[in-house]
Amino acid sequence: MPELPEVETVARILREGSGPQRPPLAGRVIRQARVLWPREVSGIPAPAFVRRVAGRRVAAISRHGKYLILELRGAEDGGVADSSSASPRQPLFMLAHLRMSGRLDVVPEADAFTPHARVVWLLDDGWALRFDDARKFGRVYLTERVSDVTGKLGPDALSVNPQEFAARLLAKRGALKPILLDQHFIAGVGNIYADESLFLARLHPTRLAATLTADDALRLGEAVRQTLLDGIAANGASFDWVYPGGNYQEHFKVYGRAGLPCVDCGRPVRRIVVGQRSTHFCAACQM
DNA sequence: GGGCATGTTAGCAC
DNA sequence: TGTGCTAACATGCC
């Protein structure tokens with residue numbers, strides 16, 4: 001389910017909770033972690049991962065691009081002491097990337113071990129944090145420096161302002177669609193929001209960045225920002241069996257609408273493949 | 001059974 | 001160095 005608006009929605013739910021069936025994760029203490037699919041834990045052996053998160057409290061939840069960032073602190077305030085680390089007060093950061101089918105939910109401990117549960121963190125008061133991931137592409141990281149994981153990414157697609165976006169874009173040479181999907185350019189845009197942003201900006205997905213005017217580039221920067229904000233306002237999009245959540249899919253103008261009339265001109269939306277990704281656009285409206 | 005899928009990355013060619 | 005293509009990762013739905 002993972003593009004920036006969906007990940008932002010997950011971060012908000014983990015911070016604030018979502019009704020009595022989903023209390024907040026923020027502030028809770030991890031009693032114990034269980035790694036059910038070790039390949040999902042990256043950069044650290046699973047036993048060390050389990051040892052190092054035990055007794056830590058989730059102090060803050062943030063996001064960069066499509067990465068969720070959980071700040072873990074020693075739980076001196078009533079939690080179990082962290083006996084494995086030389087300096088238990090030093091914050092640790094646990095990052096998660098949902099890739100294609102990952103989900104991260106606080107659930108009752110009794111419901112934690114679903115068939116596709118890959119990592120489960122047992123919390124206080126009978127709750128658990130569950131990383132469920134049918135396709136096993138998702139990843140969980142543990143590090144003392146967030147930049148070890150996110151250092152090569154571009155600026156977060158919502159933090160970058162349209163002027164900065166335009167300047168970066170005008171320095172590129174390739175086609176617009178692959179540039180938007182390149183997480184080293186800006187972090188957070190995926191296939192759906194790339195197509196929707198290009199439609200909003202009236203720019204063709206295979207248009208070369210080098211042919212854009214400064215005004216074109218600025219318009220695309222504003223379109224990306226607006227599309228992501230619209231997605232967040234709808235709590236993200238729901239993706240069939242993978243992610244029931246928001247309702248942004250009801251607002252798609254081109255994505256998944258091949259053959260249907262363009263909402264602006266009525267001509268059929270076209271689907272092509274660009275950089276191995278399915279790409280939807282209106283040939284009359286986007287140039 | 002074939003085709004498709006929201007993502008990322010290594011390897012390779014130019 | 002930048003760009004772009006292919007394959008791979010692994011599974012489930014239509």
Side-chain angles (χ1 to χ4, degrees), chain A residues 1-10 36-43 63-68 95-104 114-119 131-141 148-154 156-157 168-198 205-211 224 227-228 230-232 234-259 271-280:
Chain A
M1 56 142 169
E3 295 187 36
L4 188 152
E6 289 74 36
V7 178
E8 177 65 26
T9 301
V10 171
L36 305 159
W37 190 256
R39 292 185 62 170
E40 206 109 335
V41 174
S42 185
R63 179 192 59 71
H64 184 106
K66 304 172 191 174
Y67 286 84
L68 279 162
L95 289 86
H97 197 302
L98 306 174
R99 296 279 183 102
M100 292 290 270
S101 61
R103 303 177 53 172
L104 204 50
T114 46
H116 297 146
R118 308 304 179 195
V119 183
F131 195 134
D132 185 282
D133 183 20
R135 287 173 65 178
K136 300 179 178 174
F137 284 173
R139 292 290 180 271
V140 176
Y141 309 81
D148 289 346
V149 180
T150 64
K152 291 182 178 173
L153 295 178
D156 183 82
R168 291 173 66 85
L169 182 61
L170 292 171
K172 304 284 283 185
R173 291 187 302 158
L176 295 180
K177 173 77 184 272
I179 292 172
L180 289 181
L181 292 180
D182 181 358
Q183 303 299 299
H184 306 104
F185 175 63
I186 53 167
V189 175
N191 207 34
I192 291 173
Y193 293 91
D195 282 3
E196 295 296 322
S197 297
L198 287 164
T206 62
R207 176 85 174 268
L208 300 179
T211 69
V224 167
T227 303
L228 295 173
D230 289 348
I232 291 170
N235 295 319
S238 294
F239 305 109
D240 53 67
W241 57 278
V242 176
Y243 176 60
N247 63 325
Y248 189 63
Q249 71 283 358
E250 293 165 19
H251 302 276
F252 290 170
K253 292 189 168 71
V254 285
Y255 184 83
R257 297 194 67 247
R271 177 187 179 279
I272 60 176
V273 174
V274 180
Q276 310 163 265
R277 307 301 301 277
S278 110
T279 296
H280 313 75

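Since this is a predicted model, take the numbers as computed values, not measurements. Each chain gets a letter, A, B and so on, in the order its sequence line appears, and its residues count up from 1.
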### Task
Just compare C:dT3, B:dT6, C:dA10 and give me whichever is closest to any side-chain atom of A:Arg39.
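In terms of side-chain proximity for A:Arg39, the closest of C:dT3, B:dT6, C:dA10 is C:dA10.
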State which residues pass ring-ring contact (aromatic ring centres under 6.0 Å, His included) with [X]; sequence neighbours excluded, sorted by chain then number.
{"X": "A:Phe185", "value": "A:Phe165"}
{"X": "A:Tyr193", "value": "A:Tyr248"}
{"X": "A:His64", "value": "none"}

### Task
Check side chain to side chain donor-acceptor pair (under 3.5 Å) between A:Arg135 and all other residues, then give those that pass, not counting sequence neighbours.
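Not a single residue meets the side chain to side chain donor-acceptor pair (under 3.5 Å) criterion with A:Arg135.
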### Message
I want to check one thing: is the phosphate of B:dG7, taken as OP1 and OP2, less than 4.0 Å away from some side-chain N or O of A:His97?
### Response
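Checking B:dG7 against A:His97, no side-chain N or O comes under 4.0 Å of OP1 or OP2.
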### Message
Taking 4.0 Å as the cut-off, does a side-chain nitrogen or oxygen of A:Arg271 come that near to OP1 or OP2 on B:dA5?
### Response
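Checking B:dA5 against A:Arg271, a side-chain N or O does come within under 4.0 Å of OP1 or OP2.
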### Task
Evaluate whether the aromatic ring of A:Phe137 and the six-membered ring of the C:dC9 base sit under 5.5 Å apart, centre to centre, with an inclination under 30°.
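Aromatic stack with C:dC9 present for A:Phe137.
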### Query
Stem ranges for DNA chain C, with three or more consecutive Watson-Crick or G-U pairs under 3.5 Å?
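Stems found: B:2-5 with C:11-14, B:7-14 with C:2-9.
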### Task
Go through residues 181-193 of chain A and report each residue with a non-hydrogen atom lying under 4.0 Å from DNA chain B, sorted by number.
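The stretch gives A:Gln183, A:Gly190, A:Asn191, A:Ile192 as the residues lying under 4.0 Å from the strand, ordered by number.
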#### Entry: Main-chain N/O of A:Gly188 paired with A:Glu3 side-chain donor or acceptor, under 3.5 Å
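Between the backbone of A:Gly188 and the side chain of A:Glu3 there is no qualifying donor-acceptor contact (under 3.5 Å).
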### Task
Could you list the residues that satisfy salt bridge (charged side-chain N to carboxylate O under 4.0 Å, His left out) with A:Asp156, not counting sequence neighbours?
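Per chain and number, A:Asp156 pairs via salt bridge (charged side-chain N to carboxylate O under 4.0 Å, His left out) with A:Arg63.
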### Task
Using the test salt bridge (charged side-chain N to carboxylate O under 4.0 Å, His left out), find all partners of A:Arg257 that sit at least two apart in sequence or belong to another chain.
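So A:Arg257 forms no salt bridge (charged side-chain N to carboxylate O under 4.0 Å, His left out) with any residue.
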Listed pairs, N/O of protein and of nucleotides 12-14 of chain B, under 3.5 Å:
none

#### Entry: Inter- and intrachain pairs under salt bridge (charged side-chain N to carboxylate O under 4.0 Å, His left out), touching residues 176-198 of chain A, at least two apart
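Listed by first then second residue: A:Lys177-A:Asp195.
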### Query
For A:Ala134, which residues count as a side-chain contact (heavy atoms from CB on, under 4.5 Å) partner, sequence neighbours excluded?
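Here the qualifying residues are A:Ser101, A:His116, A:Trp241.
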### Query
Rounded to whole angstrom units, what separation is found between the CZ atom of A:Arg277 and the P atom of B:dT8?
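Atom-to-atom, A:Arg277 to B:dT8, this comes out as 8 Å.
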Nucleotide N/O to protein N/O under 3.5 Å, stretch nucleotides 11-13 of chain C:
{"unit_1": "C:dT11", "atom_1": "OP1", "unit_2": "A:Lys136", "atom_2": "NZ", "d": "2.2"}
{"unit_1": "C:dG12", "atom_1": "OP1", "unit_2": "A:His116", "atom_2": "NE2", "d": "2.9"}

### Query
Does the side chain of A:Asp133 come within less than 4.5 Å of A:Glu40's, by heavy atoms?
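Result yes, sub-4.5 Å side-chain heavy-atom pair found.
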